[in-house]
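Worksheet for the structure shown next.
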Amino acid sequence: MARRRDLDRPEALWKEKDLSNGSEVDTMVLILRTRGCSWSRSGGCNMCGYNIASDGEVDTSQLLNQLDVAMERYEGEPFVKVYTSGSFLDERELPPSFRDELLQRFSSVERLLVESRPEFINSETLSAMPTHTTLAIGLESADDAVLRHSVRKGFRTTDYVRAADEIREAGMELRSYLLLKPPFLSEAAAIADARDSVEFAARHGGEVSLNPVNVQKGTLVERLWRKGDYRPPWIWSLVEVMRTADRGDARLMSSPSGGGSRRGVHNCGECDAKILEGVQRFSFSQDPTDLATGDCGCLSTWRRSLEEGVLLRTAVDTERHMDDGLTI
Ligand SMILES: [Zn+2]
């Protein structure tokens, strides 16, 4: 690591707006520094920069210090999101004593959102959480071949379904995170994959958050991108999926990190901000007319891109790369 990390302070903390009980409310987002995602110790996911952001061992007193810093910034926001760059319910990341202290400090919130991989979600771990908890799962794709070869997720869709059922039985809410354009998918294949995945996740209810892949440092995706073998998705593709996927009663949302930048979801540079605003509006309103984005010269370039990129399109090709020992 280039710089020493201060394990007594959170990785990040910011305020934003999100929905709670159907109303737009002030929201605090807290990212704790932990020992990191357990899956990252087995190589982790292809697009995930958390793999290199893990901090080694972080003890309970350091976690409590991070929580103290967060409480100084907390202004009674009704919605609080606590991320760990891994799994909130993984006791190796967050010891139960610390978790209980955190839940106590935020006991008055209206809505609490935490993330976890499915393997840590069961009736026992959920019983430690208040019923106004939303469990977020990074499903990424509803296609097991994409999960295995493009994302390298380390679990299957059946694991997600089991966890989603547990969450529902516990009376809690589910938020499913999906990727738009993991590596080795062409633009057109990525749209199809994301659309199918939205429809799959929406059947499990709650909220579906579509996250366009952004190029994070030290990842396989970054290596591909530097070689010109990966372009982050077009904003037009994001709009296409949001407009055409059948989301049923689920809320479909997206707030892309790095949107409009070279490493993030982007168009030509001229129209990016305006179209991302439409995505943002839709994420709250669910009104497809908010996605009506007018025209731009880059639309035709995007349409052409939908006919390209056959080379690395299929999982079979991907498997070949993986079998080559990731020499890409
Ligand atoms: Zn444009």
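Just so you know, these numbers come straight off a predicted model, no measurement behind them. Atoms within each ligand, like the ligands themselves, are counted from 1 in listed order. Residue numbers count from 1 along this sequence.
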Go through the side-chain N and O atoms of H204 and R168 and say whether any donor and acceptor fall under 3.5 Å apart. no
The Zn ion (ligand 1): protein N, O or S atoms that are less than 2.8 Å away, sorted by chain: C268 SG, C271 SG, C296 SG, C298 SG
Ionic contact status for R105 with E101, cut-off 4.0 Å: yes
Contacts of D18 meeting side chain to side chain donor-acceptor pair (under 3.5 Å) (sequence neighbours excluded), chain-then-number -> K81, R175, R251
Partner of M172 under side chain to side chain contact (heavy atoms under 4.5 Å, CB included), chosen from I121, L112, T133: T133
Parallel, tilted or perpendicular, as decided by the 30° and 60° cut-offs, for the rings of Y160 and F200: tilted
Side chains of R162 and E166, heavy atoms from C-beta outward: is any pair under 4.5 Å? yes
